[in-house]
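Input: a single structure, listed below in structure tokens.
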Amino acid sequence: MVERDFTRVIGLMSGTSLDGLDICLVKFSEEESGWKYEIEEAKTIVYPQEWVAKLLHAEKTSGAELQRFHSEYGTYLGECVFAFLNNFNLAAPDFVASHGHTIFHQPQIKYTFQAGAGDALRAACGIPVVCDFRTLDVALGGQGAPLVPIGDALLFKNYEYCLNLGGFANISFDAAGKRIAYDICAVNYVMNRLAMRLRKPFDENGDFAKSGKIIPEIFEKLNALPYFQKSPPKSIGREWVEEVIFPLLPDSEKTEDLLRTFTEHVALQISLAANANGKMLVTGGGAHNAFLISLLKEKCIAEIILPGRETIDFKEALIFAFLGLLRWQNRINTLKSVTGAVQDSSGGVIYY
């Protein structure tokens, strides 16, 4: 039997913006020049409305109900993997790496929770699973986020900056020989909620924001929030956005103006983070927001690089597949320079 020089992994990613479940089957190989990857197949499964409602309201349920949901969602993820493989007639991968869906994230009190029980996922798809990537780092005093930067460093090393525009914007770069990364600000988590006031799931191309006007007093309050004065490591949770951001965006204001104001706020904060020359790879759902991208090109010193749609849409699922591979091999996949933990670690729980 010939020994393979590659590993096939399915990465699963579900972000706070609730766009859907990203599934990405990746073939990884390690060569003298570094890691190589090939995406075999990828798909976004749009959540049925019942799952959107469950994911939105999970944090308000009782302990018993949350545990039941955790298991139920894990089973759903496993069924999605099974259907994905069958629909594309794909051979089973070596394992599945699942981010889960973040319900709670308060690392300052050593607490983070991603729904999607690994045992239920494993039982539903019949394939080994790596999941629960954040909790070890939080226990070690870290933010448990962002986790993607080690993938940025090893898979996308030709870019000075890697920026992901998902529910939150997070950035990753090298500084003085260390990888630095942090959450810059909320993006789609807020924009999508504002778009829902206009009975749309999101602001397509940023057209609503483009038609609006900046509300100066709200713009100033957003940018004056203490979080933006803090130095990394730092990360944002849904709870902070609910408690701090949404009260600054009242229903009494025109929604298009709120979208314009918030989009300008996002562009400003990103420009302050990417404040040196170099190429910046931009991925995530927000990369499809043409108005936001135009603002970034105006404000950022770094050169904005938009890759192909597959990389834009599936980079996070791809990197969680890679984090799973590093965990599978018992190698470091979480950097203390990024999260602020007391040590680097190999985070994730394996269900063989």
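All heavy atoms count here, side chains included; hydrogens, waters and symmetry mates do not. Small disclaimer: the values here were computed from a predicted structure and weren't measured.
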With K297, which residues qualify under side-chain contact (heavy atoms from CB on, under 4.5 Å), at least two apart?
I293, I304

Taking the inter-plane angle between the rings of [X] and [Y] on a 0 to 90° scale, is it parallel (under 30°), tilted (30 to 60°) or perpendicular (over 60°)?
| X | Y | result |
| --- | --- | --- |
| Y73 | Y76 | parallel |
| F28 | Y37 | tilted |
| F168 | Y189 | tilted |
| W35 | F322 | perpendicular |

Is [X] reaching over with its side chain to a backbone N or O of [Y], donor-acceptor style, under 3.5 angstrom?
| X | Y | value |
| --- | --- | --- |
| N192 | F202 | no |
| R134 | G144 | yes |
| R260 | K213 | no |
| S98 | G100 | yes |
| D183 | I236 | yes |
| N333 | L323 | yes |
| H265 | T261 | no |

Path from I10 to M13 over hydrophobic side-chain contacts below 4.5 Å
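In one cluster with I10: M13, no.
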
Side-chain contact test, heavy atoms from C-beta onward, threshold under 4.5 Å: evaluate it for [X] versus [Y] and give yes or no.
| X | Y | value |
| --- | --- | --- |
| F95 | V9 | yes |
| N205 | F291 | no |
| L163 | L296 | yes |
| I312 | P307 | yes |
| F262 | M191 | yes |
| P128 | I350 | no |

Ring pair (Phe, Tyr, Trp, His ring centres under 6.0 Å) partners for F113, two or more places apart
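Ring pair (Phe, Tyr, Trp, His ring centres under 6.0 Å) check on F113 returns H70.
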
Within 45° cone and under 6.0 Å: K54 NZ/CZ vs Y47 ring
no

Aromatic Y227 / basic K234 pairing, under 6.0 angstrom, 45° off normal
yes

What distance do D137 atom CG and T339 atom OG1 have between them, rounded to the nearest 0.5 Å?
3.5 Å

So, taking the atom named CZ in F314 and the one named CD in E41, what distance separates them when rounded to the nearest 0.5 Å?
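Atom-to-atom, F314:CZ and E41:CD are 9.0 Å apart.
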
Which residue is it: D257, D203, D251? I am looking for the one with a salt bridge (Lys or Arg N to Asp or Glu O under 4.0 Å) to R197.
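Single pass found, and it is D251.
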
Derivation of the salt bridge (charged side-chain N to carboxylate O under 4.0 Å, His left out) call for R193 and E242
CA-CA 11 Å; R193 288 276 286 274; E242 298 281 351; 3.0 Å; yes

Check the pair T75 / E72 against side chain to side chain donor-acceptor pair (under 3.5 Å), numbers first and verdict last.
CA-CA 5 Å; T75 298; E72 181 187 6; over 6 Å; no

